[in-house]
Amino acid sequence: MMSATDTPADAIVRVVAAIPRGRVTSYGAVAARAGLPGRARLVGRVLGETEQDLPWQRVLRSDGRIALPPRSAAFREQVRRLRAEGVTVTAGRVDLRRFGWGGGDLDAALWAMPGPRA
DNA sequence: GTCGTGACGCCTC
DNA sequence: TGAGGCGCCACGA
């Protein structure tokens with residue numbers, strides 16, 4: 001997907017921009033989809049640097065928790081945005097089994113599973 | 001060239 | 001569930 005001219009950051013931006021509204025995914029998943037397996041930290045760095053209109057609030061840690069200090073302004077902003085698009089945020093965390101982006105292998109598997117409260 | 005740091009992730013206790 | 005440890009890569013001092 002990544003042509004020779006663009007940087008890993010460009011690939012990351014494309015992946016994040018492609019996350020559907022009302023869905024969330026993890027840094028690791030974004031990195032993998034961008035062709036950068038294991039570069040989760042790079043994703044975080046890119047999100048913090050870029051000035052573009054990205055749905056960065058849809059990117060969470062692998063356990064579904066927001067990767068920002070609970071008391072930071074950015075944290076509150078992320079929670080506000082997620083709730084605005086229908087994502088339930090409880091104690092700074094999101095249930096990936098319910099809102100995870102079906103693109104990832106694990107996400108898809110969990111999504112297809114007959115949940116306890118399906 | 002090395003060290004410290006970070007919007008991460010997986011494993012183990 | 002939470003905390004600690006180690007690995008990973010990019011960057012600035």
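In what follows, every chain begins at residue 1, and chains take the letters A, B, ... in the order their sequences are listed. The shown structure was predicted, so the numbers you read here are calculated from the model rather than taken from an experiment.
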Among C:dG2, B:dG9, B:dA7, which nucleotide sits nearest the side chain of A:Ser62? B:dG9

Checking contacts here: which listed nucleotide (B:dG9, C:dC11, B:dA7) is nearest the side-chain heavy atoms of A:Ser26? B:dG9

Do the side chain of A:Arg65 and the main chain of A:Asp63 share a donor and acceptor less than 3.5 angstrom apart? no

Indicate yes or no for a side-chain donor-acceptor contact from A:Ser26 to the backbone of A:Ala29 under 3.5 Å, with no hydrogens or angles considered. yes

Classify A:Arg41 by what it touches in the nucleic acid, base, sugar-phosphate, or nothing, heavy-atom distance under 4.0 Å. base

From CD1 of A:Ile66 across to P of B:dA7 the rounded distance in Å is 15 Å

Determine the contact category for A:Gly48: base if any of its heavy atoms lies under 4.0 Å from a base atom, sugar-phosphate if only primed atoms, P, OP1 or OP2 are that close, otherwise nothing. base

If you assign A:Arg45 and A:Gly38 each to the DNA chain C nucleotide with the nearest heavy atom, which residue ends up on the more 5' nucleotide? A:Gly38

Can you figure out which of B:dC8, C:dA10, B:dG9 approaches the side chain of A:Leu42 most closely? C:dA10

Could you give the CG-to-P distance, from A:Asp63 to B:dC11, as a whole number of Å? 14 Å

Rounded to the nearest Å, what distance is computed from the CZ atom of residue A:Arg65 to the P atom of nucleotide C:dT1? 9 Å

Rounded to the nearest Å, what distance is computed from the CG atom of residue A:Leu68 to the C1' atom of nucleotide B:dC8? 12 Å

Return yes if some donor-acceptor pair links the side-chain N/O of A:Arg83 with the main-chain N/O of A:Val89 below 3.5 Å, else return no. yes

Could you please name the option among C:dC11, B:dG9, C:dC8 that lies closest to any side-chain atom of A:Arg39? C:dC8

Among C:dG2, C:dC9, B:dC8, the one nearest A:Ala40 by side-chain distance: B:dC8

Please determine if A:Arg81 and A:Glu85 form a salt bridge, counting it only when a charged side-chain N lies under 4.0 Å from a carboxylate O. no

State whether A:Arg93 places a side-chain N or O below 4.0 Å from either non-bridging phosphate oxygen (OP1 or OP2) of C:dT1. yes

